[in-house]
Amino acid sequence: MSAATGKKAVLELDGKKIELPIYSGTLGPDVIDVKDVLASGHFTFDPGFMATASCESKITFIDGDKGVLLHRGYPIAQLATQASYLETCYLLLSGELPTAEQKTDFENKVRNHTMVHDQVSRFFNGFRRDAHPMAVMCGVVGALSAFYHNGFDVENVDHREITAVRLIAKIPTLAAWTYKYTVGQPFVYPRNDLSYAENFLYMMFATPADRDYKVNPILAKAMDRIFTLHADHEQNASTSTVRLAGSTGANPYACIAAGIAALWGPAHGGANEAVLKMLDEIGSVENVAPFMEKVKTKEVKLMGFGHRVYKNFDPRAKVMKETCDEVLSALGINDPQLALAMELERIALSDPYFIERKLYPNVDFYSGIILKAIGIPTEMFTVIFALARTVGWISHWLEMHSGPYKIGRPRQLYTGETQRDIKR
């Protein structure tokens, strides 16, 4: 529980003073408890919840001004370079990095749940082949609630924990099948002899005709890092959506489907997809300099640079850039669009206009380039993000259900008509 500071904020309303307790977390700004404002007959007004702490959490801490991202206290760069994605999953879920024995046990649990019920595969046939992959993911992940609902008790710790494992294990299978469905290829079933990232790439790109398909280890390493760097990001729109849905006691698979729906938006998870669309619009390297001049005059929007939260630099971007360089070097790709992206990066890192405004390339910029180089189509980018973020969503859902919580019920400032009567 957060600690009371002993300090109080004093709010004067209608000549009466209300003392509001101030609490301190282990990191970050102090928080004013405003619940007593309701007793005075008032609401607080905070559009977008920009100044509102909606919950208490021990999972992830962000300091946007300093470019800090910590998972359970560990810097994201350390986790991305010294731990695997599944180790990071274990950390987010349990609070500690696993021992060697715990790591093996957790990996085995995930492997044992990578298959999905055979009937789930038939759900795909209800979608058009040209449906956006995120639309398909919303549907098939939500459909899991039909298979894991009867007998599920949200108050049962064991039920909650096995749900987390199932989601982490099955989402890659559903994501890969979503891709296969959109390109008209048969589904490839998971292989439990492969690592988490290898298995995903295998299900994405192997075919029945290519029984000896081998996953490039450099690409598997890059994919594992992409998963880790996107695993959680505190109380963002999609995580808050999962918590809000979960506060009703809804089926957890339905809650994760709600998170996927929220993530789909271009202002959230669709950002790396927007980067590639921007590159398409720029067209060629010769057009980069004129485009960047238009950015300065606000004629066009620069995607993949700067961040709403990080006012200095995105702590995930450095690791992602290193990974990007490794992938492009290993594959020897000579793609005009990638050359265009590198020119954008060069200008942004050298032009005083962008430096002064801290418009540095963010994680979405580099992850978009990596995913394209791997061969993942643009419309699948947000699906990859959803796959990685599932552990963050379910970790917050678990945390909420592990203690007392209230159903979410935001208020409003009503500006519509006052009461009126129908006159005929």
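This chain uses plain numbering: 1 for the first residue, then up along the sequence.
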request  = Might you work through the ring-ring contact (aromatic ring centres under 6.0 Å, His included) test for Phe127 and Tyr181, ending with a clear yes or no?
outcome  = CA-CA 9 Å; Phe127 294 95; Tyr181 183 75; 7.2 Å; no

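The aromatic rings of Tyr90 and Phe106 sit perpendicular to each other, their planes meeting at more than 60°, with 30° as the lower class boundary. The aromatic rings of His307 and Tyr310 sit tilted relative to each other, their planes meeting at an angle between 30° and 60°. In this structure, Phe227 and Phe200 have perpendicular ring planes: the angle between them is above 60°, well past the 30° mark. Using the six-membered ring where Trp is involved, Phe205 and Tyr179 have ring planes that are perpendicular, over 60° apart on the 30 and 60° scheme.
Counting heavy atoms from C-beta on, the side chains of Met204 and Ile374 never come closer than 4.5 Å. The closest side-chain heavy-atom distance from His159 to Val154 is not below 4.5 Å. For the pair Lys321 and Pro361, the minimum side-chain heavy-atom distance is 4.5 Å or more. You'll find the side chain of Leu413 stays beyond 4.5 Å of the side chain of Phe43, heavy atoms only. Here the side chains of Phe385 and Leu371 are not in contact, with every heavy-atom distance at 4.5 Å or above. At a threshold of 4.5 Å between non-hydrogen side-chain atoms, the residues Tyr253 and His149 do not count as touching. Under the 4.5 Å side-chain criterion, counting only non-hydrogen atoms from C-beta, Asp232 is in contact with His396.
Asn192 places a side-chain N or O within 3.5 Å of a backbone atom of Arg111 that can act as its donor or acceptor partner. Counting only distance, with no hydrogens or angles, the side chain of Arg72 and the backbone of Thr60 share no donor-acceptor pair below 3.5 Å.
Annotation: His117 is not in aromatic contact with Phe123 [ring centroid separation under 6.0 Å not met].
Taking the centre and axis of the six-membered ring of Tyr85, the NZ or CZ atom of Arg225 falls outside the cone set by 45° and 6.0 Å.
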